Amino acid sequence: MKPSKELDVLFSAEQIAARVKQLGEKIERDYDDKELVLLGVLKGSFLFMSDLSRAIDLPLQVDFIGLSSYGEATESSGVVKITSDLSRPIEHKHVLVVEDIVDTGLTMRYLLDNLATRHPASVKLCTLLNKPSRVRTRIPLDYLGFEIEDRFVVGYGLDAAEKYRNVPFIGTIKRG
Ligand code: 5GP
């Protein structure tokens, strides 16, 4: 079966595109005149990052960081490993982290603490999704696409065992 047929739609491609456009406009206004680095968290943010970067008409740089959480596949342990580091220093740069989803917040807590040691001018977070019911450490969500209930979502970059990342909408896996 086609991967998209295995999912119930939560946010359509059109809904995502409209929200990404709004986020891009707000970021563009906020960062006018600043040296901005968009920092995508691999792999889940790859589609969000590519769409969001095209919605921001500023002279920005893009970079990526790979993170993996030790422990259960669908449950964050808070113990995070950098699997692939930034390609350039971020000292004195304004960094906007682009993340797919904040769940417990533990992964972002680790990343934000790590980035702070590199002396950027500022660090903010843009996450496409947030699950407020699951929060274990409060992270400032400077830019947020959508809040969702405690459900496991896939598509638009998000995976289940590496599947569904290329589905153009966000959905949940059908039962049965
Ligand atoms: P946290 O550390 O905030 O608990 O977890 C963040 C990471 O867990 C996300 O970057 C993502 O990789 C994964 N994650 C959390 N919830 C979901 C979900 O509903 N679907 C998918 N595919 N990944 C999730």
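We count residues from 1, following the sequence as given. Read the numbers this way: they start at 1 and go in the same order the structure lists the ligands and their atoms. All figures in this text were calculated on a predicted structure; none of them were measured in a lab.
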Taking atom types as modelled, find out whether Tyr156 and Asp51 have a side-chain donor-acceptor pair closer than 3.5 angstrom.
-> yes
Counting from 1 in the order shown, the ligand 1 atoms closer than 4.0 Å to a non-hydrogen atom of Lys131 are 16 (N), 17 (C), 18 (C), 19 (O)
Give the atoms of ligand 1, by number and element, whose distance to some non-hydrogen atom of Leu158 is under 4.0 Å.
-> 21 (C), 22 (N), 23 (N)
Proximal atoms of ligand 1 relative to Asp159 (non-hydrogen, under 4.0 Å) | 21 (C), 22 (N)
Per-atom contacts of ligand 1 with Thr107, taking only distances under 4.0 Å to non-hydrogen atoms = 1 (P), 2 (O), 5 (O), 6 (C)
N-O pairing of Lys93 and Asp63 below 4.0 Å = no
All heavy atoms of Ile27 vs all of Leu58, minimum pair found to be O-CD1, 4.3 Å
What distance separates Glu28 CD from Asp57 CG, expressed to the nearest 0.5 Å?
-> 5.0 Å
Under 4.0 Å to a heavy atom of Thr104 - the qualifying atoms of ligand 1, by number = 1 (P), 2 (O), 3 (O), 4 (O)
Report the member of Thr137, Val154, Asp100 with the shortest heavy-atom distance to atom 12 (O) of ligand 1.
-> Asp100
With Phe64, which residues qualify under ring pair (Phe, Tyr, Trp, His ring centres under 6.0 Å), at least two apart?
-> none
Taking non-hydrogen atoms only, is Glu99 closer than 4.0 angstrom to ligand 1 via side chain, backbone, both or neither?
-> side chain
Between Arg29 and Glu25, does at least one N-O distance fall below 4.0 Å, as a salt bridge requires?
-> no
Ala160 heavy atom under 4.0 Å from ligand 1 | no
N or O contact, Phe152 vs ligand 1, cut-off under 3.5 Å | no
Ligand 1 versus Arg151, non-hydrogen atoms closer than 4.0 Å: side chain, backbone, both, neither?
-> backbone
Sequence neighbours left out, cut at 3.5 Å: what donor-acceptor pairs do the side chains of residues 142-155 make with other protein atoms?
residue, atom, partner, partner atom, Å
Asp142, OD2, Leu125, N, 2.8
Tyr143, OH, Asp30, OD2, 2.6

